[in-house]
Amino acid sequence: MTLVSQTLFLCARVLRNLSRQPIWIVVMVVQPMFWLLLYSQLFRRITELPGFGTTSYVDYLTPGVAVMTAFFSGSWAGMGMIEDLDRGVLERFLTTPASRGAIVFGRILESSIVASLQALLILVTGVFLGARNGGPTGWLVILLASFLIAGGFAGLSHGIALRTRQEASMIAVAQFIGLPLLFFSSLLIARTLIPPWMQDLSLLNPVEWAVRAARGEALPGTSWSSMGGFLLLLAGFAGLTASFATWSFRSYQRTL
Amino acid sequence: MDAIVVDGLEKTYGKAVRALDGIRFSVVEGEVFGLLGPNGAGKSTTVRILATLTRADAGQAIVAGHDVRTEPAAVRRAIGYVPQASGVDREATGRENLLLQGRLQGMRGSDLDGRVAELLDVFGLAGKANDLVKTYSGGMKRRLDVATGLVHRPHVLFLDEPTTGLDPEARAAMWEELERLAAGERLTILLTTHYLEEADRLAGRVAIVSRGQIVVEGTPEELKHALRGDAVTVELHDADSTRAAEVARGLEGVHEVTPDGRRLHLRVDRGAQAVPLILGALDAAGALVQAVTVSRPSLDDVYLHHTGRDFRADDEERTA
């Protein structure tokens with residue numbers, strides 16, 4: 001119980017601090033909508049190719065942009081941890097009886113919540129552009145997939161932050177994994193149009209799991225079992241990276 | 001009863017940097033104990049071990065009856081830790097910082113609200129309680145740091161360099177605050193400082209730390225009285241005072257001569273009588289004197305006496 005309440009208190013602290021940064025809010029709101037508008041115009045005629053399962057690229061793209069936004073913001077989450085580390089905030093928490101896990105989980109939960117709110121905005125924008133995405137059930141799955149993928153990459157990011165403890169290294173890692181993971185997935189383009197070897201490799205990519213889950217309900221021919229399978233994989237990924245972050249936290253403490 | 005018992009702590013960073021070399025002292029419940037020494041002497045490392053942030057390589061430490069190694073959670077409930085570099089959240093308000101700290105310590109409801117309001121009031125922060133900490137002055141931020149360490153009414157408070165980086169006015173205000181704190185609640189305070197004046201003013205007992213060990217311990221008065229007579233410092237034109245030291249050693253009424261670069265520290269029975277004698281002897285020996293100061297013993301002299309080094313010079317050397 002204390003672990004849960006401490007996680008919520010620590011998460012609320014970060015969300016409150018972010019809510020006081022107007023520029024951050026504007027970018028978080030505008031950027032995903034911007035992606036959706038830009039891509040849906042740029043690639044508008046792409047659905048004339050076979051394999052998309054829909055003639056509306058917006059319909060195809062909305063879950064993808066939600067996942068992309070979530071996974072990008074998750075990958076950068078470690079920057080906040082480094083700031084706490086540099087400012088001595090982390091050490092102050094460490095001299096209280098607060099659970100070490102809560103310090104990490106609070107941060108991961110923050111990324112998940114922010115990503116879900118962004119996904120919600122993207123869904124609303126999508127609806128205005130004519131996307132349906134499988135109706136309320138589809139929207140719920142998209143929100144869940146965004147929640148999990150953001151948390152999963154946030155765990156990874158915090159773990160790396162606690163190990164490198166340097167902004168420059170953190171930025172380098174986030175940059176390095178960002179675009180490759182994006183392009184090794186069917187986020188922007190129909191899976192059947194991707195070369196077979198890339199299709200195979202993409203099955204190892206958590207971003208692809210999130211895309212496949214999020215898009216499941218929206219496109220015809222996807223079964224609940226495969227969607228559920230991808231959601232389970234995502235949950236496993238989130239659990240794994242959260243453990244990695246907690247473990248990195250212990251190793252950080254040992255170096256103090 | 002002893003609130004803090006430190007017994008032979010050792011800590012080495014990496015392979016070469018020996019931060020603590022068997023440090024040993026104890027602090028009685030309710031007293032203000034000052035660890036005094038230059039930067040790098042091992043004060044902060046000691047406090048960090050006692051606050052459960054760092055583990056010692058060897059030795060034992062008991063805080064409020066709990067072993068820091070085997071019962072860290074119990075120690076954390078009993079202590080407040082005010083680090084050298086402020087650990088408050090700059091993007092939050094003063095009140096929010098205190099509330100979160102209390103919640104992490106397991107407080108809640110009206111008990112927590114009341115305690116936070118009380119601390120904001122006591123530390124003169126009530127007017128800015130709902131402003132972001134990044135708008136606070138250095139002195140206000142430091143007062144918030146101390147208040148943060150006190151939210152859960154700890155038995156032991158660690159203050160690591162509480163006034164470093166403050167301007168003289170804010171420092172004086174902080175001293176008043178800390179004196180009130182020490183007098184009021186039944187609180188044990190372990191204070192580290194490299195300001196001799198601060199230890200002299202705030203601490204009931206002082207231990208001088210040098211190279212990871214305690215070199216001497218006692219009340220500031222005891223330490224000063226243990227030195228006989230006045231301190232005389234002669235600044236020479238020459239960079240080396242060794243030869244002048246030889247000259248001064250033979251003089252009547254001069255007990256102790258410590259050459260320190262171009263400076264010569266002497267301990268004499270009566271400063272006013274000794275100075276002409278010393279100057280005459282040095283002049284006869286051909287040593288050119290630039291300045292002479294005479295002073296009643298200070299903790300500075302205690303430090304010099306026990307380590308053979310000038311406090312400020314030691315501090316600069318280690319900071320550099």
Side-chain angles (χ1 to χ4, degrees), chain A residues 1-25 28 77 79-107 109-110 114 162 165 246 249-256, chain B residues 11 13-14 44-45 47-56 63 66 68 71-93 96-97 99-108 112 131-134 141 144-145 148-149 151-152 154 156-158 160:
Chain A
M1 205 53 225
T2 49
L3 174 69
V4 175
S5 59
Q6 285 166 357
T7 301
L8 293 178
F9 284 135
L10 289 165
C11 175
R13 165 205 162 227
V14 192
L15 288 175
R16 188 194 55 217
N17 289 359
L18 288 174
S19 74
R20 292 195 173 122
Q21 298 185 33
I23 294 178
W24 181 83
I25 294 175
M28 287 298 114
M79 299 294 284
M81 188 66 95
I82 290 180
E83 197 176 301
D84 273 357
L85 218 133
D86 287 345
R87 293 196 171 150
V89 177
L90 214 52
E91 291 209 340
R92 179 166 58 87
F93 291 159
L94 285 175
T95 57
T96 72
S99 147
R100 276 55 193 141
I103 299 174
V104 174
F105 300 151
R107 279 275 181 192
L109 184 62
E110 165 228 335
V114 170
L162 287 165
R165 280 163 244 163
T246 319
F249 201 68
R250 298 230 168 83
S251 86
Y252 156 73
Q253 277 181 273
R254 273 195 294 275
T255 63
L256 286 173
Chain B
K11 177 81 181 176
Y13 287 109
S44 287
T45 305
V47 170
R48 290 171 63 83
I49 290 171
L50 296 177
T52 74
L53 275 174
T54 307
R55 272 175 173 248
V63 176
H66 303 283
V68 293
E71 307 163 85
V75 171
R76 287 175 195 136
R77 272 189 287 273
I79 62 160
Y81 170 61
V82 181
Q84 198 169 337
S86 161
V88 295
D89 187 347
R90 297 174 67 250
E91 308 292 331
T93 69
E96 287 163 354
N97 266 293
L99 284 172
L100 179 62
Q101 183 77 12
R103 288 192 179 120
L104 294 180
Q105 283 285 357
M107 296 170 77
R108 59 169 82 185
L112 175 58
D131 292 0
L132 296 186
V133 173
K134 62 181 172 191
K141 206 159 113 201
L144 178 64
D145 283 337
T148 307
V151 179
H152 60 297
V156 178
L157 181 68
F158 296 110
D160 199 359

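Here is how names work: the chains are called A, B, and so on, in the same order as the sequence lines, proteins then strands, and each is numbered from 1.
In this structure, chain A has a heavy atom under 4.5 Å from the side chain of Leu100(B), while its backbone stays farther away. Of the atoms belonging to Thr45(B), not a single heavy atom falls under 4.5 Å from chain A. Only the side chain of Leu132(B) comes within contact range of chain A, with heavy atoms under 4.5 Å apart.
The number of heavy-atom neighbours closer than 6.0 Å to CZ of Arg108(B), taken from other residues, nucleotides and ligands shown, is 12 or below.
Among residues two or more places apart in sequence or in another chain, the side-chain hydrogen bond (donor to acceptor under 3.5 Å, both in side chains) test is passed with Thr52(B) by Arg76(B). Residues forming a side-chain hydrogen bond (donor to acceptor under 3.5 Å, both in side chains) with Asp84(A) (at least two apart in sequence, or on another chain): Arg13(A), Arg107(A). Under the side chain to side chain contact (heavy atoms under 4.5 Å, CB included) criterion, Gln21(A) pairs with Leu18(A), Trp24(A), sequence neighbours left out.
Residue Thr54(B) forms a side-chain contact (heavy atoms from CB on, under 4.5 Å) with just one option from Val47(B), Ile49(B), Val68(B), and that option is Ile49(B).
The shortest side-chain heavy-atom distance between Val4(A) and Phe105(A) does not fall under the 4.5 Å cut-off.
At least one donor-acceptor pair closer than 3.5 Å links the side chain of Glu96(B) to the backbone N or O of Thr93(B). Asp160(B) places no side-chain N or O within 3.5 Å of a backbone atom of Val82(B) that could act as its donor or acceptor partner.
Comparing Arg55(B), His152(B), Gln84(B), Arg90(B) by heavy-atom pairs within less than 4.5 Å of chain A, the highest count is held by Arg90(B).
Residues of residues 94-104 of chain A that come within less than 4.5 angstrom of chain B, heavy atom to heavy atom, are Leu94(A), Thr95(A), Thr96(A), Pro97(A), Ala98(A), Arg100(A) in numerical order.
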